[in-house]
Amino acid sequence: MTDLRVAIAPDSFKGTATAIEVTTALAEGWLAARPGDSLIRMPLADGGEGTLDAFELAVPGARRMPVTVAGPDGRQVEASWVLLPDNSGVVELAVTSGITLLDPLQPMDAHTLGFGQAIAAAIDSGVDRLYLAIGGSSSTDGGVGALTGLGAAFYDADGRPIAPGGRGLAAVASIDTSHLRAVPAGGAVILSDVTNPLLGMSGAAAVFGPQKGASEAQVAELDAGLRRLSPILGADPETPGAGAAGGTGFGLIAWGAVIASGAAAVGEVMRAPEAVASATVVITGEGRFDRQSNAGKVPSYVRSLAEAAGATPLLVAGVITAEPTGFAAAVSLTELSGSADAAMTETVHWLREAGARLARTL
């Protein structure tokens, strides 16, 4: 049996296993079946939860920088951002303003102030460039909270500060940018796998509001608020990704950041193309592989790298609801374990089993 060089490059399985845990479990399963193979462990992210962890693990010399910020409901959150050796900063919305920080959800009042405060901390420390991971948000505030954290101020028609969160957008009339921090000289890159516009049926409120607890009436109110905000910030609401993170993508674009495919941008920084090019087999995965997985998510990105390098791409997912076209083999943890409950409660165990099963297919 010829020994193989195997790159393991999955995303997190949201809510059940981090990308690092997924990578480790798949590696253990693979080596149990093929102990002679050499493995490259490369957990990835697409701008959602786990992006900081992925950067910290993959980039030698990356450092966690603690920061205390206002969480999405105003309570203090002990968070951090990552300083890279090239003096770039990585800031993740999920750890400062994310949906996992709220119970119960607050669709009208949750905000992104803490995310802006963490970005401000990175800027004030002197970073040359920013990577802004905006998945996992809890709010629909159009990025007003984040811009406020960066020094902007938003007022109603009477010159009073607006309320935080999506609720305040109904009254927004003007912005004061005199104290707004500038984008670093090397730019700011938004990492996102979302391509939705800001407004309308495909927009931030309509598509993602219900996931954040918004009723039908609240979705309409939030969309109207974003529509009121749009000309005040002045960016193009149709820009793909403007609707990401409850419109935070739009607010950051208006600030001067540029949006990029999260998986590809993270992969470039982590030198994923070079790692995959050196492998004969590549394993990737995510919690749910569906029709959206072909739109800039980690599995489609890794599959394209494997195709370019002539490597064999393999897929593992918690559940597979779309044809895994382009993969030489695919394993669903739900099918492997016999139920969705087992796949979600014993994810690491079944990931090991999936790694072993894939190894035995070769």
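Values below: all heavy atoms of this structure, side chains included; hydrogens, waters and symmetry mates excluded. These figures come from a predicted structure and were not determined experimentally.
Here the closest heavy-atom approach between residue Ala204 and residue Leu226 is recorded as CB-CD1, 4.0 Å. Residues Val69 and Gly114 come closest through the heavy atom pair CG1-O, 3.5 Å. Scanning both residues, Leu102 and Ala110, for their nearest heavy atoms gives CD1-CB, 3.8 Å. The nearest pair of heavy atoms linking Val282 to Ala311 is CG2-CB, 3.8 Å. Heavy atoms only, all atoms of each residue included: Leu31 and Arg41 are closest at CD1-NH2, 4.0 Å. The two atoms that bring Ile123 and Pro184 nearest to each other are CG1-CG, 4.2 Å, heavy atoms only.
Here the rule is side-chain hydrogen bond (donor to acceptor under 3.5 Å, both in side chains) with Lys212, and of Ser137, Ser139, Ser138 only Ser137 fits it. Among Leu252, Thr148, Leu93, Leu147, the single residue meeting the side-chain contact (heavy atoms from CB on, under 4.5 Å) criterion with Thr112 is Leu93. For the pairing with Trp81, the side-chain contact (heavy atoms from CB on, under 4.5 Å) check across Leu132, Val127, Thr96, Ile119 returns one residue only, Val127.
Atom OG1 in Thr312 sits 7.0 Å away from atom CG in Leu314 (nearest 0.5 Å). Atom-to-atom distance recorded for Thr24:OG1 and Ile8:CD1 is 8.5 Å, nearest 0.5 angstrom. Once rounded to the nearest 0.5 Å, the distance linking CD of Glu274 with CD1 of Ile40 reads 11.0 Å. Here the straight-line distance linking atom CZ of Arg64 with atom CG of Leu52 works out to 5.0 Å at 0.5 Å rounding. Rounding to the nearest 0.5 Å places OG of Ser300 at 11.5 Å from CD of Gln292. Of the inter-residue distances, the one linking Ile253 atom CD1 with Ile190 atom CD1 reads 4.5 Å to the nearest 0.5 angstrom.
Under the 4.5 Å side-chain heavy-atom criterion for ILVMFWY residues, no single connected hydrophobic cluster contains both Leu113 and Val95. Under a hydrophobic-cluster definition in which Ile, Leu, Val, Met, Phe, Trp and Tyr are linked whenever side-chain heavy atoms come within less than 4.5 Å, directly or via other members, Leu44 and Phe327 are assigned to different clusters. A continuous path of Ile, Leu, Val, Met, Phe, Trp and Tyr side chains, each step under 4.5 Å between heavy atoms, connects Phe115 with Phe250, placing both in one hydrophobic cluster. Residues Leu57 and Leu39 do not share a hydrophobic cluster, clusters being chains of Ile/Leu/Val/Met/Phe/Trp/Tyr side chains in contact below 4.5 Å. Connection of Trp350 to Phe13 is established within a shared hydrophobic cluster, with ILVMFWY side chains joined at heavy-atom distances below 4.5 Å, either directly or through further cluster members.
Thr239 contributes a side-chain N or O that, together with a main-chain N or O of Asp236, makes up a donor-acceptor pair within less than 3.5 Å. Of the possible polar contacts, one joining the Asp141 side chain to the Gly143 backbone as a donor-acceptor pair under 3.5 Å is found. In this structure a side-chain-to-backbone donor-acceptor pair under 3.5 Å is present from Gln117 to Ala70. Between the side chain of Ser192 and the backbone N or O of Ile134 there is no donor-acceptor pair closer than 3.5 Å. No donor-acceptor pair under 3.5 Å is formed between the side chain of Asp37 and the backbone N or O of Asp3. Looking only at distances, no side-chain donor or acceptor of Asn196 sits under 3.5 Å from a matching main-chain atom of Leu198. Checking side-chain atoms of Glu221 against main-chain N and O of Gln218 turns up no donor-acceptor pair under 3.5 Å. Using a distance-only test at 3.5 Å, with no hydrogens or angles considered, a donor-acceptor pair links the side chain of Thr347 to the main chain of Ala343. A distance-only check finds a donor-acceptor pair linking the side chain of Asp223 to the backbone of Gly200 [under 3.5 Å]. Side-chain atoms of Ser339 come within 3.5 Å of backbone atoms of Ala342 as a donor-acceptor pair (strictly under, hydrogens ignored).
You'll find the side chain of Leu333 stays beyond 4.5 Å of the side chain of Val319, heavy atoms only. Counting heavy atoms from C-beta outward, Pro324 and Phe289 have side chains that approach closer than 4.5 Å. Taking the side chain as every heavy atom from C-beta outward, Leu130 and Val189 never approach each other to under 4.5 Å. Inter-residue side-chain proximity for Thr51 and Asp53 is flagged as unmet; no heavy-atom pair is nearer than 4.5 Å. No side-chain heavy atom of Phe208 sits under 4.5 Å from any side-chain heavy atom of Thr140. Inter-residue side-chain proximity for Val172 and Val144 is flagged as unmet; no heavy-atom pair is nearer than 4.5 Å. Side-chain contact between Ile259 and Thr195 is absent, with no heavy atoms from C-beta onward closer than 4.5 Å. The shortest distance between side-chain heavy atoms of Tyr155 and Pro161 falls below 4.5 Å.
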Take Leu315 and Ile283 through the side chain to side chain contact (heavy atoms under 4.5 Å, CB included) test and state the conclusion after the steps.
-> CA-CA 6 Å; Leu315 174 71; Ile283 308 173; over 6 Å; no
From CA spacing to verdict: side chain to side chain contact (heavy atoms under 4.5 Å, CB included), Met65, Val82 | CA-CA 6 Å; Met65 309 296 286; Val82 167; over 6 Å; no
Would you please test Arg352 and Leu26 for side chain to side chain contact (heavy atoms under 4.5 Å, CB included) and show each step?
-> CA-CA 5 Å; Arg352 290 194 195 101; Leu26 289 172; over 6 Å; no
Mind running side chain to side chain contact (heavy atoms under 4.5 Å, CB included) on Asp11 and Asp46 for me, showing each step along the way?
-> CA-CA 7 Å; Asp11 199 350; Asp46 58 14; 3.3 Å; yes
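Salt bridge absent: Lys297 and Asp290 never bring a charged side-chain N and a carboxylate O closer than 4.0 Å. At a threshold of 4.0 Å, the pair Arg129-Asp86 does not count as salt-bridged, since none of the basic side-chain nitrogens sits closer than that to a carboxylate oxygen. Look at Lys14 and Glu49 and you find no salt bridge, because none of the NZ, NE, NH1 or NH2 atoms lies under 4.0 Å from a carboxylate O.
Around the CZ atom of Arg181, the shell of radius 6.0 Å holds more than 12 heavy atoms that belong to other residues, nucleotides or ligands. No more than 12 heavy atoms of other residues, nucleotides or ligands sit less than 6.0 Å from atom CD of Glu335. No more than 12 heavy atoms of other residues, nucleotides or ligands sit less than 6.0 Å from atom CE of Met344.
Thr280 and Arg5 are not linked by any side-chain donor-acceptor pair at a separation below 3.5 angstrom, with hydrogens and angles left out of the test. In this structure, a donor-acceptor pair under 3.5 Å is present between the side chains of Glu78 and Thr68.
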